[in-house]
Structure formats: C-alpha cells, structure tokens
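Some notes on the structure that comes next.
Every heavy atom of this structure was used, including side-chain atoms; hydrogens, water molecules and symmetry mates were not. To find a chain, count down the sequence lines: A is the first, B the second, and so on, and within it residues start at 1.
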Amino acid sequence: MHNEKTAIEAAIQKFILAEFLPGEDPAALTDSTPLVTSGVLDSIATLKVVAFLEERFKVTIAAHEADVDHMNTVADMARLVRSKLAPR
Amino acid sequence: MTPLSALVQTARREGSEADVAKPALAPAIPFFSRDAVRFATVLVQFGLLVLLIRQFDIERGPLGDVMVFAWFGFAIHHFLPYRLRLPFFAFLSIASIPVAIGLKLGAFVLCAGFLLIGICHLRRLILQRAVNICIVMTGFWVLVKSPAAPPLGPNVAGVVLGVGFVLIGLCLWLPSFWQRVYGVALVLLILLFLRQSPYAPLMVIIGSMFMFRLIIYLHDLRTGAAPYSLFRATSYFFMLPNVCFPLFPLVDYKTFCSTYFNEESSRIYQTGMRWAFRGVVQLLLYRVIYQFVQQDPLHVHDLGSLALFIVTTYLLYLRVSGQFHLIVGVLHLFGFNLPETHHLYLLASSFTDLWRRINIYWKEFILKIFFYPVSFRLKHWGPIRALTAATILSFFATWVLHAYQTYWLRGTWAFSWQDAVFWWVLASLVLVNSLSEAKRGRQRTLQKAQRNLRRELGHALKVIGTFVTMCLLWTLWSSESGEELVRLAAKAGNVTLPAVAAIIAVLLSIGVAGVLFGRSTAERTEGIRASRQGAPRHAFWPSVAVVAFGTIALLLFGESHRLAAAHDTAYAEFVQSLRADRLNEVEYNARTRGYYEDLDVTRTDPGLRVAMESVGWWPIRAIHTECEDKDFLMYRPNKDFQLRVPGHDVIITYNKRGMRGPEYPLQKGPGVFRIALIGSSAEAGRGVSDHETFAHLLEERLNRDDIGNGIQKFELWNFSVEGYGALQKLAVVEEQVIPCDPDLIIWVTYALEGARAADQLGHMLQGGYKIPARFEDLIADMCQKARVDASMNKAQFERLIRPYMRELVDASFQRFAELCRTHGKRGCFLYRPGLKEFVHIQAANRDEMLDLARKTELPILDLAGCFSTVADTDSLMVSPESKYRWKSLKREAPDDHPNAAGHELMFARLYELLHTPGGSVLLKPTGRK
C-alpha cells in the first residue's frame, strides 16, 4: 500500500516537474505544495494533468473533479486517482 | 466537500470551532493573540466602516441600514456555538431583506426564493410533494392576494394562477434531476415574464439572487460536490448583503460551503475587514472619477482629453470591483473565507492573466459549467482543438449570459454590436494567449522568480500593452455609436506636447507598478501575498492598523467641510459632493455610459428605487392627479384639501384653485397688487407647512410693511407645482397666470432647469403626452439632431437629448418674456440656489441659466448665496439623510428641499432684493386701477 501510494505521488510529481516546472528543485515540490491556488496550474495546465492522470493510471476523471479540491496538490490528485482505482 | 473542510466539519460536529483549533495542552496565549481581543478589534473596525458607509451614503439608501444590522449580527454570531452560526446567518440574511425593501415586498422575494429552492429539492416522497404543493400555493396566494400587490388585471391574475397550477403539477410529477432543471427553468421564465409587469422591481432582486446561482446549485446538487441543508441553501441564495446589490459576485456553492470557517476565525474576519475597507476606498475613488475627472465625449478635443476619457472609462469599473470587495469582505465576517476577487487587475500582464484576476467568481462559474465539461467531452479531438472549442464556447456563454443578466436587471436585452465586438475581440485575445501557453508553456516557478532587466522590461511592456488594449476595448464597449468612436478617433490627431508627456508618464507608471506589485496573482488572508512556499501567518495587527487608521482618516475627511476654514470653499464643496450620491441629481447619466453603469439599476430604475428606498415622505399621490387629457402638464395638484403628513409636524393646504396658499377672488379688488409665482417643488413648499413657505412669508411681510403708495393689499398667487420644468411652467403662465391679471410674474429658475427639461421631455414623449403645437417643430428638430426617439429607454433618451436642452430653455424663457410684453405684464426671473448646489465647482449650470435669463432683458432677482451664512447646509434641508422608520418598516428617502429655516433665508434675501433700487421697481403699482 505504501509503495502504491508513493508510486502514484511520485509519478504525478515527476510529470508536473517535467511539464510545468522544468529546472525546478524537485525538493521544492512536496505532496502538499499548493499548485492551483498558487498559480502554477491554471485551467489549461489542469487539462493536461487530467489527460496525464487518465492515461497513466487508466482512470476516468469527470469534469466537475477538475477543481481546486481535487487538483490543488499532488496529494489531492493522488487521492482522486486512488479513489478511482479502489474496488467498488 | 474538500478534504480539509470535511475534516474540520467532522471534528466540529463533536465540539466547537475553538475545540478544533486548540491543541490539547495550549500554552498561555499572549494578550494580543487572544481571540476575544482580536474579535473586539474587528468589531470596532467594522463599526467604523459602517459609519463610513453611512457618512458617504455608499451605494445609496438601504446599505447603511443593512450594515448596521450586519454589525449587530456579527457581534452575536461570533459568540454563538458553531452549530448555530449558519442558521443564524441564514436568519440574518432573510431578515436583511425586509430591512432593505420593507416587509411586504420582502415577503414576495422570500416566497419566490423558497419556491425555487424547493423545486431544486423535489423528491418522490408523497409527504414532500404535499409540502411542495403547500409552499407553491401559499406563495401564489400571497402573490395574488396580498394587499401589497400591485393591482392585477384578470388576465395577469389568471396567468399567475395558471402558472401556479403548472408548478403544482411539476411538484407531483417531476422526480428526476433533469426534470427538476426544467422546472426551475420554467419558473425562471415565468419570473422573466414578470420582469415586464408591476413586479419588475422585485424581479431585479430575485434575479440578482437566483439568475446564476441556481445553475451552480443544481450543478453541485447533481455532482454531490457539497453538503446540503435548508440553512445552507437559505444562506447561499439570500446571503447578506445581496438585497442591496443587484450586481453580486457569483459565489460558487461548493466554495461557499467548503471555505466556511476553514481557518482561524480572527484571521478570516480581519481579511474581510481589509477587503471591505478596500472596497469602500475603490467606491470613493470611483466617485472622484465619475464626478470630477471623466469628461463628456462631446468635450474631447485633443489627444490628451481623449486619453483621459479612454482611461477613465475603464476606471469606472472600480465601482464593480469596489462592490465585490465590500460584499466578499462582509461575508468573511460571517466565516465565509471566499477567495479574493479583482486582484490587481489593472496590472495584468496578458489577457489570460486578466481573465484569472478580474472577476474570478465569474471565471470559476464559466470554467465549471462550460469550459471543463466541453473540454472533457471533446478531449478526443486533441488538446488544442478541445481547448479552442471550449474557450470559444465559454466566451459565447459569457456574452449571452451578460445579455441575460441585463434582462433581469434592466428589463431589456443587451445584444448590441458593441457587446458582440467586445466579447469576441476579448475571446480572440484570450484564445491566442491560451494557445500560445498551451504550446510553449509559460514561466512557472515554485521559488521567487529571478529578475533581470530584460525580463522586467518585457513584463512592464506586457502590462502596459494589456492595460492600453483593455482601455480601448472598454471604450468601444461603452460607446453610444460607431460615429461617436470615429469622432473620438479624429481627435487623436490634435497632438500637444504636454499631452504626449502625460500619456508617456502614465504608461510608465503602469509599467513600473506592474513590475513592482503585479507579479502576485492572488492574495491570502490578512493581505499576505500568496507565495509558492506558503505565506507567513502573523500579519493581523499591521492589517488592523491599515484598516482602522484608513477608516478614521476618511471619516475625518468626510467631516472636514464643516471646519470654519473650509467654509464656502471649493474644498468644502468637493467633500460634500463626494459625500452625496449626486449622480442622479446633477449629471444623471450624462457623462457615464457602459455595461456596468447601465446595470446600476438602483440609480436608473425608478421602480427599483421605490422598492429599495421606498418613496420620500412627500405624499405625491395624495397631492397630485395625472391629467386625463394627456396634455403635457402631466400632473396637477388636487383642489381644496388639507393634509397632515404622518410622522411629521407639517400641514399642507391646497386651495380651490389647486394652489398652495390662501384663495382670492379672480376679480382683483381695488388697490390689490397681485404677484404670480411660478416654480417647482421648492416654491410649492415641499416639506414645510403652509405658514413656513417663503411665498407666505413674503406675502405676509409685504402686507405688513409695504402697504401704501397706492397699494392696499398684496396677493401672492403661488402657481408652483412639484416636478414642473420649463415647458410646464410656460404652459401655466399662458393658461392660468395671464388670465389672473397679475401685476408681477416671477419665474423661478435654478441650475438644473436644463436637466429637468430633459427629464420632462423624455417623460412626455415616452408617456405619449401631447406637446404644444408651438414647440413641436423645435422638439422634433432637437430629437433629430440628438438622434433620439420615444422607443429608447428613458435614461438613454435623456443622456442624448440633454446637450440640446439649452435651446429648449432658451425658447421657453424668450416665450415667457414675449408673453409678458404682449399682455403688458411685468415679469422677472428669480434664481433660486439649491442646497446641494456647488457654486465653486459647478458654476456652469447656474451661469448658463442666468445668461439665458439675461437675454430676455427681464430683471433678475438672484438669490445665490442666501444659504451661505449657514456653515452646515444640511441643517437647512427637510431631511438631509435617509431614515429608517421601524413603525412602517420602510426607508424614508432623504429630502434636500429647504426646510422652514431655508425658506426663511430665501424669503429674507428676496425681500432684501425687492428693496434695492433695481428690485423696488418691480413692486411699484402698475397704475391701472
């Protein structure tokens, strides 16, 4: 479980660093770093993140989930992915 | 629900908010960090701000009362247990509605509101259906049967009842979500239909609460994004202080719920205070620009004045920005930690940046309802195509919804070519920016961005470019016509060196400000700029210092005109002018145009003013009757009656001829010197008793001290009628005054004679009143030149016709002089100053009227300065401030007509003028009898 958690967070973190924060110190982006409220992720960037999450984790994200509650931090995104992956 | 808010709210079910915030073993809290100390500080600041709002009559009328109400509510709300706070806010929001618009009208708004909320929550259960039916039936019973309801014809009543039965059917047979959506849409359509009915003023308020928020509410209901309860829904839709603001931020329901006390309360409160104070400052800046800086486009003559006009047109948006800051600030005081709006939008460095800063509530609404759903649905098209389609659809929706908003607030659709050009040009600019960012990305960093000269210069140029483009676009959006734009553009060729220097200086200032302050894109609590690494959390007291000292400084500024040194100076008039909302008295739409100016319906919609302010205590309906013959004398006083004004020690008597004052036989007795006075409300003695009018005082004094020299008695016939302009006064002279055989006719004029003429002309043409034949050609010619017709809305008509009113007043004055000469009557003009007239900063109107009077070569009695012996002219007004009457639950509008003391001063000056060598000639016997 711990590994899975780390893997999801790590993948998201890696994508965000590569796509939106090239050259940034990876240590500066923690699981709780605000991304939407701090302006790193805008609506266009959010769409890119959603596309990444759907492709990477084979989940489907609804339009109303592309908001600050689910996308503000790496931890929020990982929680969303995890909720999609969990057996129903 | 957000994880954070879910966590906090779950914890709060178990105990109070304080329990959640406090660690188990809390160390001793320093005095200045104690919750009670901080709360007391915020309470004091809020009190000062309420005083400031009342002192400057911010947003006119009811807001001052509602803010007092909110202040008491805040004091109670803070001490309530957490579980009772939201119900209390819901109660406060509901109660604010009758406070602002009266009990009966408020009941209509609440019934319609709960009906709409009820439909959103329709369920299959029979019991709930029954409750829904009861709600609907009660609502419509109140609507139709209430004594407060305007008289409904059988057709309208039938439609209303029919609609009621349809709604009952909806309650019974609408189980699914989309059927509920249809139900809500149907009710909205019905309310839109009522927008054109006698209920129009109420529809403005209902529309401001429900026209967009219902969409969000239903969306979140469907997605289960936020918790629901009766108190939440009530608070969300009726939220204080919505009833005072037809244009209200489009607060997101989910954000409304999830940000509720999601931080330490004192921090949320202080953020609210800071933003509310900033909002008031912006509203005052707006007044300065509106009243003193912005020019009439007709007066633009060179590049400098053109640049000033363009920039100030954009800056008028400060009103909306100020309102939104104030509203969001007040909501913070009740725990709603909503995001900041309009963050440094003048310093945006691109159009996408502007879109993210300016009205973020609208942006979030569009993203949630249009942009993301379309993007997600079209993602198989590829990211660029999906982004393009979603952006275009989002702006199309913005354009259409702005027209929809206009219909709710003004009752007219706003699909003009200016709107279309504005929104599509802006959409194109945002789209180009978005595509560029999507392809190349934009610079983002978690650290503080490294700065170098080249990067800063580039940023400054972007800020300047965005600002200039927005100024030009806003001017286009606000323009009356293409011809006006061409005329303005032609003035750009008149270049002067000082103008160029001034423009460069302003642009450089914008660029420098953008570099220094414009980097941050959001602000957190207590004024701390959002940083990538989180913000420090201890700025409470500096924020208090800014708000408290700033508010006190503005309060002192607002009273500084009372200082002896400021007496009768331009400075004192400047302060007094800012304290009053003189927009609809002096300029009334003449200067300011634009989408948001037009939506300021409390200024331009008389129906809404009645609802928001109630009417003044003057019982116009008790005194005046509309003419049946539809000639252009729209109202005439009733005859032979006496009225005691309720709540005021004032007795009004009209004689059998419908005149204020004693009645005399038409046949003039021997030695009688008859004076005819023709004026409007002040001369008719609005607000004072029979024995207090200056006409009565003059007649009494003349009969006491000036009898002799062949005169045995003075008779003063007061033909003045409230609301009369030059055309009506002229008609009275022709039809009533001349047949009475007066020895002296006094025509009372005043600075606003031209404005009043425009107002009356609009009323006459649009009301289908007859224009006297001798004025038909002149008025038709003016209408042609001004390009107006009766189909325009009244405000637009008046705005365009006003520049031509000088001709109309001139013709009226000349005709009056001609009548006097033709009939051998002695005539004169009397200039009566207004108590809110600014002789230093606003002399042009007075000079214009006096110039026109001089052209007639009739004598002029100028009362200017008669009030200047009194430092505080408010003390000479019938009712200088609006007052709330708890007995009737209605607001009494302010009344700036002279009171008894004012009439005394007017009389004293007039009597004095009539005994100067020039004036005494007027009282010499005419030698006929």
Worksheet entry | Heavy atoms from other residues, nucleotides or ligands near NZ of Lys462(B) exceed 12 (cutoff 6.0 Å) | no
Worksheet entry | Residue Tyr372(B) versus chain A: region with a heavy atom under 4.5 Å | both
Practice prompt. Could you look at Lys368(B) and say if it's the side chain, the backbone, both or neither that has a heavy atom under 4.5 Å from chain A?
Written response: neither
What is the distance from atom [atom1] of [X] to atom [atom2] of [Y], rounded to the nearest 0.5 Å?
| X | Y | atom1 | atom2 | result |
| --- | --- | --- | --- | --- |
| Asp42(A) | Trp355(B) | CG | CH2 | 13.5 Å |
| Thr255(B) | Asp69(A) | OG1 | CG | 7.5 Å |
| Leu367(B) | Thr46(A) | CG | OG1 | 8.5 Å |

Practice prompt. Sort out for me which of Val50(A), Asp67(A), Leu47(A) touches chain B most, counting heavy-atom pairs under 4.5 Å.
Written response: Leu47(A)
Could you pull out the closest heavy-atom pair between [X] and [Y], with the gap in Å?
| X | Y | result |
| --- | --- | --- |
| Lys379(B) | Ile61(A) | NZ-O, 4.2 Å |
| Lys254(B) | His64(A) | NZ-O, 4.3 Å |
| Ala66(A) | Phe376(B) | CB-CZ, 3.9 Å |

Discussion item. Which atoms of Glu65(A) are under 4.5 Å from chain B, going by heavy atoms: the side chain, the backbone, both sets, or neither?
Written reply: neither
